[in-house]
Amino acid sequence: MSSSAVCPKRFGLNYDPPSIVLEYLEVSTGKLFHRRVGLRRLRASSDPARVAEKLRQKNRALLAEDSVSFDQIVCLVKKLQESLSDKAAAAVNGLTGGLNRSAPPQRDAFDYQKADLNKLSEAELTQHKERMDVAFLKNQKKPGDAGYEYDVQVDFPDGENENDWDSEEDLDVIQRRFSTRAW
């Protein structure tokens, strides 16, 4: 099934178990179909943008970028998460007699300007890369988006931080090595 053969019509939400139902039209036959996408592993603490991107990757034909906006998918995931957190809060209130003793989850602040990502473990590095991917995908401009410009080229000023891994001297040495070799 290609993305041009289907036309998404509307979404529905099942809260227990959490799932998204997509009604779509198969253009070639003119028939309406429903596709249920289960999200059994969804948690209230999950990153909704990351979940939305995974949904889009696993259902490319139905959730193509040109037919369903990324923000709409994120919004649907957030609604399911709110339902999960409401259920969890109700369960906690039932167990504690109305006293909610759980603190809201806090995101850890991480300063990428001062941190050395080379010193992180593979798992920590993967986690940070996933967070960066979510931020990138959220800010990414695609053809058809407002403010989209093809092939933008920007010259950045020299950074404040000094680094020696790409110095001009190294480039000169490399150029001399390659220019003196006989191929």
Side-chain angles (χ1 to χ4, degrees), residues 1-95 100 102 104-108 110 112 117 120-154:
M1 173 183 343
S2 69
S3 61
S4 63
V6 297
C7 179
K9 290 297 182 183
R10 60 185 175 166
F11 286 102
L13 296 176
N14 281 339
Y15 292 100
D16 193 15
S19 60
I20 296 175
V21 180
L22 171 63
E23 182 179 81
Y24 64 95
L25 175 72
E26 191 172 89
V27 178
S28 60
T29 62
K31 293 183 180 180
L32 283 175
F33 292 93
H34 291 139
R35 164 85 173 161
R36 183 178 169 274
V37 181
L39 299 169
R40 290 188 179 274
R41 293 177 28 194
L42 181 69
R43 302 286 176 256
S45 60
S46 302
D47 183 6
R50 178 153 171 70
V51 172
E53 187 57 37
K54 290 281 188 189
L55 277 172
R56 176 167 274 165
Q57 287 173 359
K58 290 186 177 186
N59 300 281
R60 289 181 200 265
L62 299 173
L63 301 175
E65 293 178 11
D66 58 342
S67 59
V68 179
S69 78
F70 182 72
D71 292 336
Q72 184 176 11
I73 302 170
V74 171
C75 182
L76 292 169
V77 171
K78 285 181 181 178
K79 285 181 181 182
L80 288 172
Q81 287 180 311
E82 288 170 8
S83 168
L84 289 173
S85 63
D86 291 346
K87 271 199 312 193
V92 168
N93 285 338
L95 293 175
N100 188 354
S102 61
Q106 302 242 344
R107 283 195 167 225
D108 57 320
F110 195 85
Y112 288 103
L117 297 179
L120 297 178
S121 70
E122 284 297 317
E124 291 172 321
L125 185 61
T126 302
Q127 187 177 30
H128 284 284
K129 285 182 177 182
E130 288 172 355
R131 283 186 193 166
M132 290 178 202
D133 284 345
V134 168
F136 171 78
L137 292 169
K138 184 178 175 186
N139 297 321
Q140 179 184 21
K141 291 191 180 184
K142 303 172 197 108
D145 290 349
Y148 171 78
E149 233 181 287
Y150 178 75
D151 195 24
V152 175
Q153 296 182 8
V154 179

Q: For Asn14, check side chain to side chain donor-acceptor pair (under 3.5 Å) against everything at least two apart and list the hits.
A: Ser19

Q.
Please identify which of these residues, Leu76, Val74, Ile73, Leu42, meets the side-chain contact (heavy atoms from CB on, under 4.5 Å) condition with Pro48.
A. Val74

Q. Does Leu62 reach the side chain of Val6, with side-chain heavy atoms less than 4.5 Å apart?
A. yes

Q | Nearest atoms (heavy-atom pairs only) where Leu120 meets His128 | A | CD1-CD2, 3.6 Å

(Q) Strictly by side-chain hydrogen bond (donor to acceptor under 3.5 Å, both in side chains), give each pair with a member in residues 49-58 just once, sequence neighbours left out. (A) Arg50-Glu130

Q: Kindly give the heavy-atom pair with the smallest separation between Pro17 and Arg36, and that separation in Å.
A: CG-NH2, 3.6 Å

Q.
Could you check whether any side-chain heavy atom of Leu13 comes within less than 4.5 Å of a side-chain heavy atom of Val21, counting everything from C-beta outward?
A. no

Q.
According to salt bridge (charged side-chain N to carboxylate O under 4.0 Å, His left out), does anything in residues 6-20 pair up with another residue at least two apart or in another chain? List the pairs.
A. Arg10-Glu23, Asp16-Lys87

Q.
Tell me which pairs pass ring pair (Phe, Tyr, Trp, His ring centres under 6.0 Å) where either residue lies in residues 53-74, with sequence neighbours left out.
A. none

Q) Crowded around Lys142 NZ? As in, over 12 foreign heavy atoms under 6.0 Å? A) yes

**Q.** Student check: side-chain heavy atoms of Leu84 and Arg43 closer than 4.5 Å
**A.** no

Q | Residue pair Phe11 / Gln72: nearest heavy atoms and the distance that separates them | A | CD1-NE2, 3.4 Å

Q. Restricting to pairs with a member in residues 27-48, which pass ring pair (Phe, Tyr, Trp, His ring centres under 6.0 Å), not counting sequence neighbours?
A. Tyr24-Phe33

**Q.** Contacts of Tyr148 that satisfy ring-ring contact (aromatic ring centres under 6.0 Å, His included) - sequence neighbours left out
**A.** none

Q. So how far is it from Arg35 CZ to Ile20 CD1, rounded to the nearest 0.5 Å?
A. 11.5 Å

(Q) So which atom in Ser46 and which in Val51 form the shortest heavy-atom distance, rounded to 0.1 Å? (A) CB-CG2, 4.0 Å

Q. Measuring from Lys138:NZ to Asp47:CG, what's the distance to the nearest 0.5 Å?
A. 9.0 Å

Q. Does Leu63 reach the side chain of Leu22, with side-chain heavy atoms less than 4.5 Å apart?
A. yes

